[in-house]
Amino acid sequence: MCGIVGYIGKKECTEVLLNGLSKLEYRGYDSAGIAVFDSKSKDIKTIKAKGRLKDLNDKLKTEGGLKGNCGIGHTRWATHGEPSDINSHPHGNARVTIVHNGIIENYKKLKEFLESQGYVFESQTDTETVAKLLDYYYDGKDPLECIKEVINEIEGSYALGILFKDFPDTIYAVRKDSPLIVGKGENESFIASDVPAILKYTKDYYLLDEDEIAVLDSSGVRFFTKFGKQIDKEVLTADFDEESAAKGGFEHYMLKEIYEQPNAIKMTVTPRISNGMPDFSESGLTDEMLNGYKRIFIIACGTAMHAATVGKYVIERLARVPVTVDLASEFRYRNPILSKQDLVILVSQSGETADTLAALRLAKNVGAATMGIVNVKGSSIARESDIVLYTHAGPEISVASTKAYMVQIAMFYLLAFKLAFIKKTISKDECKRLVSVICKVPEIIEKVLELSDTCSYVASKLISSENLLYIGRGLDYALSMEGSLKLKEISYIHSEAYAAGELKHGTISLVTEQMPVVAVATQRELFDKTMSNIKEVKSRGAKVVLITHKCMSVDEEAADYVIKLPTVDDMLMPMIAIVPLQLIAYYSSVLRGNDVDKPRNLAKSVTVE
Ligand code: M6R
């Protein structure tokens with residue numbers, strides 16, 4: 001979490017830094033700040049403010065702004081210390097000023113040491129320890145030596161942008177377990193936590209590897225290992241532009257991203273089909289490898305974990321290979337029983353989620369095969385997995401994940417089809433038929449998007465409730481979990497997902513007229529069972545929203561609102577039925593007047609435990 005930026009070039013850097021931060025606000029928005037080498041005095045000047053970027057902008061105007069061509073900036077998701085002006089970044093003193101994304105785990109010990117050396121701390125942050133430690137080691141001559149000393153001492157995760165007063169118009173940067181890219185423009189260079197922050201100026205960038213140090217000045221960028229050896233790095237080019245990372249006429253990123261889903265599926269699925277069959281050879285995943293795995297573990301957090309749950313249902317159903325789904329934060333501490341014949345799949349939009357990354361490292365340590373299903377190119381999980389299957393959703397900016405979920409499940413369908421064919425649990429013809437069905441899904445979703453007004457109307461009937469239940473069976477239960485998370489994270493209505501058959505074992509006691517129930521019933525073999533469960537809640541006064549197939553006949557009195565969806569194979573219905581759930585969540589948030597794309601207390605990329 002947190003976003004950092006830096007600029008050195010010919011432009012006024014305040015504008016460049018603020019523009020970059022505006023693209024990174026999704027990573028945290030508790031406070032923001034910038035530090036700039038003042039063009040006249042060459043002193044480092046800092047302005048920072050609690051709140052959104054707008055508050056920083058206001059403060060910059062009131063205080064006369066900052067003028068210079070080199071600076072660093074930060075947008076914060078608070079971990080250590082409440083959101084406040086004093087805890088905002090940049091931190092440091094007149095000699096050394098830094099911005100930081102990550103967590104310094106041994107900061108208490110370091111702070112005690114620094115206090116014993118006479119340093120006085122102002123903030124409650126872990127970051128201030130790094131700023132003061134840099135100052136402690138800095139001898140006025142060689143910033144590189146000083147950074148090497150500091151990264152030897154700090155434990156935890158960090159992406160750091162550093163200014164040394166004695167080296168004006170130079171930015172130092174280093175990272176470990178937190179993302180950082182270095183942008184390469186015409187006579188200008190950048191640092192940023194994510195590519196969209198530099199796209200207005202350049203599409204070319206370098207990926208900084210663990211503990212590599214970058215030095216950016218007017219002559220360009222140099223890279224060093226943590227031992228001080230200078231190295232060359234490959235320039236990468238972003239495969240999307242500023243426009244595709246902007247709102248494009250939609251009121252919110254989330255709505256835009258919901259509407260981008262048909263295209264995201266095409267981009268993810270089409271390149272992986274050859275002669276009508278799923279084909280992963282480009283990623284180095286061979287039939288022999290797939291055939292060799294005895295068990296599959298799928299590890300992820302949040303929405304990605306819900307996609308993993310759909311993956312489990314379809315892989316087990318089609319390929320008859322046992323699949324375990326785990327929350328990454330649980331998996332890493334439960335001493336899981338893994339072997340070299342197991343495949344561990346890590347699912348992550350950002351590719352930087354701390355718990356998922358830790359689970360990946362744990363799996364690698366025991367020698368299991370690892371596969372990342374990742375959206376962000378070059379992210380840590382992508383780089384460290386044995387095999388990476390990139391989803392091609394394009395940049396997902398809204399904190400609430402939509403199109404990334406869609407392409408994650410699309411990837412699981414393709415994997416399940418392939419695995420089932422290799423394991424001979426389905427024929428080649430059946431495999432081809434399933435592939436042809438998934439190829440039609442984008443068109444069908446376009447039709448579902450026409451139900452947007454209906455979803456908005458349904459949302460208007462739900463927003464006065466403080467609690468809600470989502471129910472479903474089988475794949476519909478997996479989907480309900482995602483529908484429920486989407487609603488609660490952006491509308492702030494408390495909701496839980498329940499396996500419809502489980503309600504009567506306790507939770508049904510909560511059902512009253514004040515507790516609406518959203519029921520998902522798209523699995524024909526389970527339809528009658530779910531309908532019975534719907535009757536049970538309806539007879540206890542619940543208002544019911546039913547999401548089902550067009551072809552199902554539903555009694556008028558069975559539900560208060562029915563959303564009927566176009567029909568595809570039941571197994572692929574999650575790709576269709578998630579859309580109204582996303583739209584209901586979206587409109588509930590809009591109607592409640594919430595900040596849809598930046599819900600309170602959240603950040604897009606969770607790089608802390
Ligand atoms: O980047 P990741 O896919 O690893 O992120 C995992 C979760 O933090 C993420 O899906 C989160 O649950 C979303 N806010 C849900 O909309």
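Atoms within a ligand are numbered from 1 in the order they appear, just like the ligands themselves.
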OH (Tyr498) with more than 12 external heavy atoms under 6.0 Å: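 No, not enclosed.
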Residue Glu210 excluded, over 12 heavy atoms near CD under 6.0 Å: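 Counting other residues, nucleotides and ligands, CD of Glu210 exceeds 12 neighbours.
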Salt bridge Lys364-Glu384, side-chain N to carboxylate O under 4.0 Å: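 The answer is no: the pair does not qualify as a salt bridge.
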Lys23/Asp194 ion pair, N-O < 4.0 Å: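 Salt bridge: no.
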For ligand 1, list all ligand N or O to protein N or O distances below 3.5 Å, rounded to 0.1 Å.
| residue | atom | partner | partner atom | Å |
| --- | --- | --- | --- | --- |
| ligand 1 | 1 (O) | Ser348 | OG | 3.4 |
| ligand 1 | 1 (O) | Ser350 | N | 2.8 |
| ligand 1 | 1 (O) | Ser350 | OG | 2.7 |
| ligand 1 | 1 (O) | Thr353 | OG1 | 3.4 |
| ligand 1 | 3 (O) | Gln349 | N | 2.7 |
| ligand 1 | 4 (O) | Ser348 | OG | 2.6 |
| ligand 1 | 4 (O) | Thr353 | OG1 | 2.4 |
| ligand 1 | 10 (O) | Thr303 | N | 3.1 |
| ligand 1 | 12 (O) | Thr303 | N | 3.2 |
| ligand 1 | 14 (N) | Val399 | O | 3.1 |
| ligand 1 | 14 (N) | Glu489 | OE1 | 3.0 |
| ligand 1 | 16 (O) | Thr303 | OG1 | 3.3 |
| ligand 1 | 16 (O) | Ser401 | N | 2.8 |
| ligand 1 | 16 (O) | Lys486 | NZ | 2.8 |
| ligand 1 | 16 (O) | Glu489 | OE1 | 3.4 |
| ligand 1 | 16 (O) | Glu489 | OE2 | 2.3 |

Working for salt bridge (charged side-chain N to carboxylate O under 4.0 Å, His left out), residues Glu489 and Lys604: CA-CA 12 Å; Glu489 74 173 322; Lys604 180 80 183 156; over 6 Å; no
Exercise: do Ser88 and Ser31 side chains pair donor with acceptor under 3.5 Å: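 A pair is found: one side chain offers a donor N or O, the other an acceptor, under 3.5 Å apart.
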